[in-house]
Structures are given as structure tokens and as C-alpha cells.
Amino acid sequence: MIQVAPSILSADFGNLGRDVEAICSAGCDLVHVDVMDGHFVPNLTIGPVVVSSVAKCATKPLDIHLMVENNTFFVDLFAPLKPKYISFHIEEEKHPHRLIQHIRSLGIKPAIVLNPHTRPESVEYLLEELDMVLLMSVNPGFGGQSFIESVIPKATRLNEMRNILNPNCLIEVDGGVNDKNIHRLKEAGVDVVVAGSYVFKHASKKEAIESLQI
Ligand code: DX5
Ligand code: ZN
């Protein structure tokens, strides 16, 4: 079954604790936290002070998605919060292999994110070291954008690669995911989806999450 990680970027930040508790009791699998620095992406979100409050309210593990320039600095900043995953963008990292090892040494599962233009082959020689690859299906920076269709053949290709090189490495897709594209994502071999606006704008968070857990 596909795991669902609602993105708290679409939550009501004035009632963040309430919204985090709501998605957890609605049956989500992970809590997706988008960390943006205003440099790698043209938006700025939250730091460790806010995320530590999120961690206290969450009864599901955190999935931290870094969209930042200085990955190692941010990994070390968020590691004490003990997230399940930390993912970083390969486009912004000179030494991804070293950073994967560093994240693992902190007791956290390492993941790499690929922007819409980045080829799945860019992680070929890293796959054996990774717990997850996150494919962006929108340009990073904002919630509520439309789904970029080319992620489907890309996930299909990555699925072939990981089945050979590391079947334990999960494939996650982030951006514009809803009940219209979830079946095609499942067919392409996707294991985890991030969903922000679809879950938070739905009349029932539980129904929204369950409609993606196929
Ligand atoms: C975009 C973020 C996503 C975003 C998804 O940079 O990485 O996690 O919040 O939101 P939706 O599901 O609304 O596209
Ligand atoms: Zn994200």
C-alpha cells in the first residue's frame, strides 16, 4: 500500500499543533516537513524551533525535505529532532555520497531529492546507499502547483533501476498529488506520496489520506 506523507506547508500555521494532530489521527504514515531557506528556492519556511514543536505534536515519524543551499549545516540542525528521513537535493550538493553517510551516522534514513529536470541516472551510483529517492512533481518552493506529468516515466525508470540495484530503496513523489494521478503513480512503482493542498483542502482529511493509500 502507498504511504501518505501530508505536507504541513498547507496547514494553518496559526493552528499548527492542531493540524499536525489532525493528520496523524486521520491515519497518515509520515509527516512531511518542507524546510526552505530563501536561497535554493524563492520561499522561506520553518526552522528547528517550530519543527521541534511539530515533533512533539506528531504521533507519526517526520520526513524532513531540505530545500536549502548548505545541506550539512541544516542536517546537523534538524538531526536532534530524530526524524525518520532527511532528504536533500542532489542539485545543491557537491558530495552527496559523503552526506548520505553522515545522515546515516546520525541514526536517520538518508534520501535524495531530484528536481523535475534531473535524470534518475544521477542517483545510479548512490542507490545502494539510500533509503529513499524523492522525485519532485512540481518545482520546489510552493504548495498548490499542478502535477508535472513527466514524473511518471521517470518513476518507471527509477523503479527498474532500484529493483536491480537496491529493492529496499523507496520511491517518493512530491507535488500536485491527488486522487486523479495516484493510480498512475502506483503503477509506476511509487511507494510514498507527499500531498499538501489535496489533504488540507479536503472536507475530510481521513478520506483524502485513505484515497491515496491504495
Ligand atoms: C514543494 C513542497 C511540497 C508541497 C506539496 O516545494 O516540497 O511538499 O508542499 O504541496 P502540494 O501537494 O500542494 O503540491
Ligand atoms: Zn516537500
Side-chain angles (χ1 to χ4, degrees), residues 2-13 16 19-20 22-23 26 28-47 50-51 54 58 60-69 71 74-75 78 81 83-93 108-118 131-152 154-155 170-182 184-185 190-203 205 207-213:
I2 289 193
Q3 295 184 54
V4 177
S7 162
I8 59 166
L9 193 57
S10 295
D12 172 2
F13 274 69
L16 191 53
D19 278 6
V20 170
I23 51 172
C28 73
D29 299 284
L30 296 162
V31 175
H32 187 80
V33 178
D34 289 304
V35 174
M36 306 182 189
D37 67 349
H39 295 280
F40 178 64
V41 287
N43 196 3
L44 193 59
T45 58
I46 50 180
V50 175
V51 180
V54 170
K60 302 294 168 66
L62 301 190
D63 173 31
I64 296 187
H65 173 191
L66 298 178
M67 286 159 271
V68 301
E69 277 188 350
N71 283 308
F74 282 90
V75 164
F78 287 100
L81 305 178
K84 182 167 186 180
Y85 298 99
I86 291 186
S87 58
F88 64 89
H89 277 258
I90 196 156
E91 300 85 7
E92 194 52 50
E93 185 50 52
I108 299 161
K109 293 178 185 291
I112 280 189
V113 196
L114 308 187
N115 268 336
H117 73 279
T118 305
D131 281 273
M132 191 157 74
V133 176
L134 168 49
L135 302 179
M136 291 307 298
S137 41
V138 296
N139 284 295
F142 304 94
Q145 304 179 77
S146 28
F147 185 76
I148 297 173
E149 290 288 336
S150 59
V151 78
I152 301 278
K154 191 164 161 181
L170 301 182
I171 301 175
E172 183 177 37
V173 166
D174 182 0
V177 173
N178 56 36
D179 58 345
K180 309 281 183 295
N181 47 38
I182 192 69
R184 284 180 296 133
L185 289 166
V190 172
D191 308 286
V192 185
V193 293
V194 177
S197 45
Y198 176 68
V199 167
F200 282 96
K201 286 194 177 148
H202 203 286
K205 293 182 178 63
E207 271 177 35
I209 290 168
E210 285 173 0
S211 72
L212 304 178
Q213 286 168 328

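A quick note: this is a predicted structure, and the numbers were derived from the prediction, not measured. Atoms within each ligand, like the ligands themselves, are counted from 1 in listed order.
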_Geometric class of the His65/His32 ring pair [parallel <30°, tilted 30-60°, perpendicular >60°]_ =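 The rings of His32 and His65 sit tilted, inter-plane angle from 30° to 60°.
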_Which residues share a salt bridge (charged side-chain N to carboxylate O under 4.0 Å, His left out) with Lys60, sequence neighbours left out_ = none
*Answer whether the closest heavy-atom distance between the side chains of Glu172 and Val194 falls below 4.5 Å.*
yes
_Set out, in order, the CA-CA distance, both residues' side-chain angles and the distance that settles side chain to side chain donor-acceptor pair (under 3.5 Å) for Asp34 and Ser7, then state yes or no._
CA-CA 7 Å; Asp34 289 304; Ser7 162; 2.7 Å; yes
*Excluding sequence neighbours, so at least two apart, what forms side-chain contact (heavy atoms from CB on, under 4.5 Å) with Val75?*
Leu66, Ile86, Leu99, His102, Ile103, Leu106
For the side chain of [X] and the backbone of [Y], is there at least one donor-acceptor N/O pair under 3.5 Å apart?
{"X": "Ser137", "Y": "Ile148", "answer": "no"}
{"X": "Asn181", "Y": "Asn178", "answer": "yes"}
{"X": "Thr45", "Y": "Met36", "answer": "yes"}
{"X": "Gln145", "Y": "Asn139", "answer": "yes"}

_Neighbouring residues of ligand 1, heavy-atom cut-off under 4.0 Å_ =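 Residues Ser7, Leu9, His32, Asp34, Met36, His65, Met67, Met136, Pro140, Gly141, Phe142, Gly143, Gly144, Asp174, Gly175, Gly176, Val194, Ala195, Gly196, Ser197 each place a heavy atom under 4.0 Å from ligand 1, listed by chain and number.
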*Protein N/O/S atoms closer than 2.8 Å to the Zn ion (ligand 2)*: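 Protein N, O or S atoms closer than 2.8 Å to the Zn ion (ligand 2): His32 NE2, Asp34 OD1, His65 ND1, Asp174 OD2.
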